[in-house]
2 protein chains.
Amino acid sequence: MSGKRSLIRSGTTVDQMVRAIGDRIVTGYLRPGEKLDETSLAARFEVSRTPVREALGQLSAMGLVERRPNRGAIVAVVTQEHLASMFESMAELEAICASFSAERMTSSERRGLEIEHQASARMVQLGAEEDYEYFNTEFHSRLYRGAHNAHIHELTVMTRSRLAPFRRAQFMLPGRLAKSWQEHDLIVTAIMRGDSVAAGKAARDHVSIVSEASAVFAADDRKPIRRDVA
Amino acid sequence: MSGKRSLIRSGTTVDQMVRAIGDRIVTGYLRPGEKLDETSLAARFEVSRTPVREALGQLSAMGLVERRPNRGAIVAVVTQEHLASMFESMAELEAICASFSAERMTSSERRGLEIEHQASARMVQLGAEEDYEYFNTEFHSRLYRGAHNAHIHELTVMTRSRLAPFRRAQFMLPGRLAKSWQEHDLIVTAIMRGDSVAAGKAARDHVSIVSEASAVFAADDRKPIRRDVA
DNA sequence: GAGGCAAAAAGTGCATGCAATTGCCTCCGG
DNA sequence: CCGGAGGCAATTGCATGCACTTTTTGCCTC
């Protein structure tokens, strides 16, 4: 009833719910610890509880939400310690991708990386944070694809999305934009040389620095919502 | 089987289904490509289709099953290429764990690793493959825990379980048992020395060898069931 | 006024039912 | 004999309903 939602139904309803809820978590609209009430979500998206339940289950399997039997679901709360472990993992994963990329990227992939990277330099000059963020995402995606390893790609993207809520504000730190570009430059140069060791090290260092930049905000994000602890 | 399962219902029904179906996939009882019919599974486990559906959704999120909208679910079919990428990832993940372990294991963890490793030597002498497999699993688990990084631990266990169907027969190769132990020995020695580079390399090599040993069987496992391509 | 118990309210977990989509089989035309 | 269109059976997708668990609230007692 109610819905002519059937018109915009691209995939299955469950998939849409996974994306919809997942996006809200990843973008920080839903904060860690926030209660995810099945009935409200169902009402909010004008579907029944069944697809909502399935979506929550899948998001739980992905680690984005936490499910307590008979006690509802909440947006996954990550401890400071677990957050650190995710950043550390991310650094290693990026290092692997960069390292593999240095060895395996096709010449057209190398060319594309170089071109995009140079294009992003303009964004730095303009101080266009929003636009730079787009190039930044694209840059890292190219690294993941360039590794030519589907599974590493999957693990990396997954980890990246779980870290997304804690990375958003990183470019607000003054001078971060230019510094990020320089770090990217080190990675690109190493990849162009086919120097896998240097590429790996540069990528690891890059993430480590982002990690430290984000830690500041992570502390803020941790305690705000805690309705169930009273 | 087919029992009064309601008595032993420890977690939620969905969790049990995830474990039950997941186990059957991981242990190879359900083969890649095999159709997972919701109704049959529901009947088989004496539950309704709802928890089966949710379980399939979660297993799909984990990559163990593949879901085609409106067309049912099948046990995930991995191409030769994707399998190779998983083994390669596994090698890198194990390398990271071993490397971190070399740096971070507590002295009691080091002691435990050493003791278990020596104990497993007996299994090699006896040629007790079943028992050695237990020690082998435990050995790797210790490496994952010793890395003191929850997220890497998670990624590694996940990847390992997805590879499980293709690793089962590895110890059937003659002499594999003794060779495996020697490879473990290299890792242990490096960890004891706190040599993270050597530990990482030894772990990576270990997995690479397992990978090659398994490739033989993977080829067999790939085509058997293909009901939907006719 | 505080603490504890009990009953009700809220919310989750699973089963069942119905609509919709898919795949197959049949039948017809070429 | 082969190719295609239409209908039928089977299966998936989602909604609804009921039972059980948890939490809250109100009352009674101390």
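Side chains are part of it too, since the values below use all heavy atoms of this structure and drop only hydrogens, waters and symmetry mates. Note that the structure is a prediction, hence the values are computed from the model and not measured. Proteins get letters first, then strands, A, B, ... in listed order; numbering begins at 1 in each.
For B:Glu38, whose side chain is taken as the heavy atoms from C-beta onward, the closest listed nucleotide among D:dG17, D:dT12, D:dC14 is D:dT12. In this structure, the nucleotide among C:dG13, D:dT16, C:dA15 sitting nearest to the side chain of A:Arg53 is C:dG13.
Between the P atom of C:dC14 and the CE atom of B:Met17 lies a distance of 10 Å, rounded to the nearest Å. Computed from coordinates, the A:Lys35 NZ to D:dT24 C1' distance equals 11 Å when rounded to whole Å. Between the CG atom of B:Asn70 and the P atom of D:dG13 there is a distance of 5 Å, rounded to whole Å. For A:Glu54 and D:dG13, the CD to P distance is 8 Å, given to the nearest whole Å. Rounding to whole angstrom units, CZ of residue B:Arg68 and P of D:dG13 are separated by 10 Å. Rounded to whole angstrom, the span from the CG atom of B:Asp37 across to the C1' atom of D:dT12 amounts to 10 Å. Between the CD atom of B:Glu46 and the C1' atom of C:dC14 there is a distance of 15 Å, rounded to whole Å. Put simply, CZ on B:Arg49 is 7 Å from P on D:dT12, counting in whole angstrom units.
Nearest-nucleotide assignment on DNA chain D puts the 5′-proximal partner with A:Thr50, out of A:Thr50 and A:Pro69.
Checked by atom type, the side-chain pair A:Ser120/A:Tyr134 shows no donor-acceptor distance below 3.5 Å. No hydrogens or angles considered: nothing links the side chains of A:His148 and B:Glu81 as a donor-acceptor pair under 3.5 Å. Side-chain atoms of B:His206 and B:Glu94 include no donor-acceptor pair closer than 3.5 Å.
In this structure, B:Arg142 fails the cation-pi test against B:Phe139, since its NZ or CZ atom is not both closer than 6.0 Å to the six-membered ring centre and inside 45 degrees of the ring normal.
Using the Watson-Crick or G-U wobble rule with both distances under 3.5 Å, D:dG4 pairs with C:dC27.
If you check distances only, the side chain of A:Arg67 never reaches the base of C:dG13 with a donor-acceptor pair under 3.5 Å. Residue-to-nucleotide contacts include no donor-acceptor pair under 3.5 Å from the side chain of A:Arg71 to the base of C:dG13.
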Per-pair distances, 0.1 Å, donor-acceptor, side chain in residues 57-66 of chain A, under 3.5 Å, sequence neighbours excluded:
| residue | atom | partner | partner atom | Å |
| --- | --- | --- | --- | --- |
| A:Glu66 | OE1 | A:Val77 | N | 3.4 |

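Contact between B:Ile25 and B:Val75 at its shortest, heavy atoms only, is CG2-CG1, 3.7 Å.
Residue A:Arg53 holds its CZ atom at 4.5 Å from CD of A:Glu38, rounded to the nearest 0.5 Å.
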I'd like a table of atom pairs between the protein and nucleotides 5-10 of chain D - only N or O on both sides, under 3.5 Å - with the distance next to each one.
none

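A sub-4.0 Å separation between OP1 or OP2 of C:dG11 and a side-chain N or O of A:Thr39 is absent.
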